[in-house]
Amino acid sequence: MQPSPPGSAAPAPSAPESPPGAAQRSGGGFRPELQGLRAVAVVLVAAYHIWLGRVSGGVDVFLLLTGFLITGSLLRTMERRGRIDFTAFWSRLVKRLFPAAAAALGGILVASFLFLPSTAWREAISGVVASALYVENWHLALNSVDYLAQNSAAGPVQHFWSLSVQGQFYVVWPVLITVVAALARAAGQPLRRAVAAALTLVFAASLAYSVAVTAADQPWAYFDTGARLWELAMGGLLALALPHLRLPRLLRIVLGWAGLAALVACGLLLQVSTLFPGYIALWPTLAAAAVIVAGSTGSPVAADRLLNLRPVHYIGDHAYALYLWHWPVLVCYLEVTDRTQPSLTGGCLVLALSMALAVATRWITEDGVDALTRTRTGSAWSLAVGAAFIVPVLAAAGVWSGHISHEQREQEIAAQSADYPGAAVLGSPAADVVEGEGAPVYPDPANAAEDIPASYADDCNQGTRESEVITCAYGPRDYDRTIALVGASHAAHWLPALREIAEDKKWRIVNIIKGSCLFTGAEQLRGGEVYHSCAGWNAGVMPELAELRPDAVFTTATRTNLDAQAGPVGETVAEGYVQRWRELDGMGIDVIAVRDTPRLSFAAPDCLAEKRRQECVGRRSPSMARTSPLEGLEGVPGNVVFLDFTDKLCRGDRCPAVIGNVLVYWDRGHITATYMRTLAPTLRNRIEAATDL
């Protein structure tokens, strides 16, 4: 298992977050079974991640518990004092939650440096900062719609997404209760009735939104606070309703076991990572609600007997810290052992180490801090304690990020020397110049993901969700010819080479790109489903070209593939390509169709971060045909010329990740902007030889 966001190969983690204070109460009464429920939920979360490579629905239990406990606490405060002291409420949370979170985040920074490849450092740093600021869920949500980030492995802080959701809840909920209380007083209505009405509205609106956005864009919905708010509201409604429930003991015993069994089975029976949070999340939340309603029955055969065992409570006491550590420990273990999923023994080691770190963290950040600050009270002191832990983590992240940026600038200067010929070296007979040890690789593998066409930074490439045609022009203002660059990302990576030519040739390059969307009218699939936005985008491209009337369209002529889920493995001329070229012929537009580039079975930057460059060599044959499928292709109109640059990427069947000391790929199949620029002279010569441009 390689942890990744929902919508990718494996699920994202979920987390508990301790509410302020250790007591688990509703209506002021101690509820010991809630601590046991927390223990069961965190064990399920960890076990499912470690051994099953999927999520368990545990996050939904913790969200429900948070809503249940915090709503009850805020209501009792409002009833006793007539108001909520925001500063006191938030400062207590800061003192309780920040130290443990900061300890884990600091440990993650150190572990990332020691155990993760340099290619993962920038994402780890940005994730730590987002987590410390409680916005990691939005950081991951934005990555879920970022075409360039969709295949990224899950980082060591991805589990902080649910902590961020809860952190945002802690900001909003006391404000909501205060506003509702003011309205209730003005209307002469009982406080609890008004709060129940408000929470019902929040529950209904958020659940409806969650169902709709999950159906439309599940990866985004998974991290969206709005799509999760109904679970917190449900917990609040349960806190309001529970004092009025009087159920027979036998029914409560049945409810307790049924809820516990349903909770354990949730992750086994449902694809939580691809279906949640929509209405399916009612399963674990209702299961947890059943356990809460069952309460403490006093029966020796009831579920609460299990939940109230001392070892179970011990785990519940450490649930927050255990959650904080289990995911980064798992990520580092998989990286060090080069495994995708732990063995039974390895998983036990991960769990044991996580628990040891959890115990140490709680001892230092809760017991230790409480002992040192027992005589010091007040909101200012609580905030200072939280800041004393979290500020050094943010500072360390900033210093490390600045150091990486400084090294990157120095490498950019060094790369201007003759030591970096890139594609030009393939004219040399010396094989060791191509893939041997020479000057340091540029761009540095750690920064490879930033060495991409300018159109990505300029927001000129349409993402995978929208169908609007976006165009951007590059080149001199006094241009003589217009070249339209059209297609998917394997067309986009030719932009740096075309821009090099454009200045001298006085070309205007018009970028018309959409992620994972080939330039064809045929139906396309993405993730096994019909790619509707691609069809809409393609329908809009032809009118755009008819109005633009470029001198030529530069696009891909074939499609290489190594992923069976994305289509046939190997190289093909995509259905509808020839028909598109005929349509352009009818419009009087020439076509420069370039053979697709080979794809590697490994991510080039990751390989180079861990191995010698001679070991980072892919094979041409799995993704490319031995003989070009363009040879003898029937029905090709006269406006099309084919170009093939495989000889500038491979020697025979060997396709090195580094050529002429320049990194060729920034992932598994996309060419770096730097290497593309070294290809510009060859591209220019071959275009001039094949066309009159």
Side-chain angles (χ1 to χ4, degrees), residues 4-8 10-17 41 45 54-68 70-71 130-131 133-146 149-150 154 158-173 175-176 198-238 263 266-267 270-289 463-466 527 529 533:
S4 54
S8 297
S14 53
E17 182 166 330
V45 167
R54 55 196 299 175
V55 295
S56 63
V59 65
D60 307 280
V61 176
F62 291 114
L63 291 176
L64 180 87
L65 281 171
T66 298
F68 177 82
I70 295 302
T71 301
S131 298
L133 299 177
Y134 284 80
V135 292
E136 173 67 356
N137 64 314
W138 296 117
H139 176 71
L140 293 170
L142 291 172
N143 277 353
S144 79
V145 300
D146 181 354
Q150 285 170 10
Q158 184 163 310
H159 60 315
F160 270 78
W161 75 267
S162 64
L163 303 183
S164 297
V165 170
Q166 290 170 299
Q168 293 155 31
F169 164 81
Y170 291 140
V171 172
V172 171
W173 223 239
V175 176
L176 174 66
L199 296 192
T200 300
L201 288 175
V202 172
F203 173 85
S206 174
L207 179 58
Y209 171 74
S210 181
V211 171
V213 75
T214 300
D217 191 352
Q218 188 273 335
W220 175 278
Y222 197 95
F223 300 116
D224 188 340
T225 302
R228 297 283 185 172
L229 201 57
W230 67 268
E231 299 176 270
L232 294 145
M234 182 178 176
L237 289 171
L238 181 61
L263 178 59
C266 177
L270 299 177
Q271 283 291 344
V272 178
S273 62
T274 57
L275 295 175
F276 276 41
Y279 65 90
I280 299 295
L282 285 166
W283 180 317
T285 50
L286 288 174
T464 56
R465 289 162 173 78
E466 304 298 328
E529 298 181 356
S533 68

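We count residues from 1, following the sequence as given.
- Phe169 contributes atom CZ, which lies 5.0 Å from atom CG of Leu232 (distance to the nearest 0.5 angstrom).
- Remark: Leu229 CG to Leu199 CG distance equals 9.5 Å, nearest 0.5 Å.
- Here the CZ-CG distance, from Phe160 to Leu140, works out to 12.0 Å after rounding to the nearest 0.5 Å.
- Within the 4.5 Å cutoff, no side-chain heavy atoms of Ser162 are placed close to those of Phe62.
- Between Ile280 atom CD1 and Leu275 atom CG the span is 5.5 Å, to the nearest 0.5 Å.
- For Thr214, the side chain to side chain donor-acceptor pair (under 3.5 Å) test picks out no residue, with sequence neighbours left out.
- Tyr209 is linked by a ring-ring contact (aromatic ring centres under 6.0 Å, His included) to nothing, counting only residues two or more places apart in sequence or in another chain.
- A tilted orientation is assigned to the rings of Trp161 and Tyr222, their planes being inclined by 30° to 60°.
- In this structure, Met234 and Leu286 have side chains that are in contact, with non-hydrogen atoms separated by less than 4.5 Å.
- Minimum interatomic distance between Ala289 and Leu64 (heavy atoms only, all atoms of both residues): N-CD2, 3.7 Å.
- Taking each heavy atom of Ala227 and Pro277 in turn, the nearest pair found is O-CG, 3.8 Å.
- Residues Trp138 and Gln168 meet the side-chain proximity criterion, which asks for heavy atoms closer than 4.5 Å.
- The minimum heavy-atom distance linking Tyr134 with Gly167 is given by the pair CD2-CA, 3.9 Å.
- At distances below 3.5 Å, at least one donor-acceptor pair connects side-chain atoms of Thr285 with backbone N or O atoms of Leu282.
- Going from atom OG1 of Thr66 over to atom CD of Gln166 covers 4.0 Å, rounded to the nearest 0.5 Å.
- Side-chain atoms of Val45 and Ser56, non-hydrogen and from C-beta on, do get closer than 4.5 Å to each other.
- Shown here for Pro284 and Gly57, the closest heavy-atom pair between the two residues is CB-O, 3.7 Å.
- Without hydrogens or angle criteria, Glu136 side chain to His159 main chain gives no donor-acceptor distance under 3.5 Å.
- Here the closest non-hydrogen pair linking Ser533 and Glu466 is CB-O, 3.8 Å.
- Proximity of a side-chain donor or acceptor of Arg228 to a complementary backbone N or O of Asp60 within less than 3.5 Å is not detected.
- Counting only distance, with no hydrogens or angles, the side chain of Asn137 and the backbone of Phe223 share a donor-acceptor pair below 3.5 Å.
- In this structure a side-chain-to-backbone donor-acceptor pair under 3.5 Å is present from Gln218 to Phe276.
- Taking CZ of Phe203 as the start and OG1 of Thr200 as the end, the distance is 8.5 Å to the nearest 0.5 Å.
- Side-chain contact between Val202 and Trp230 is absent, with no heavy atoms from C-beta onward closer than 4.5 Å.
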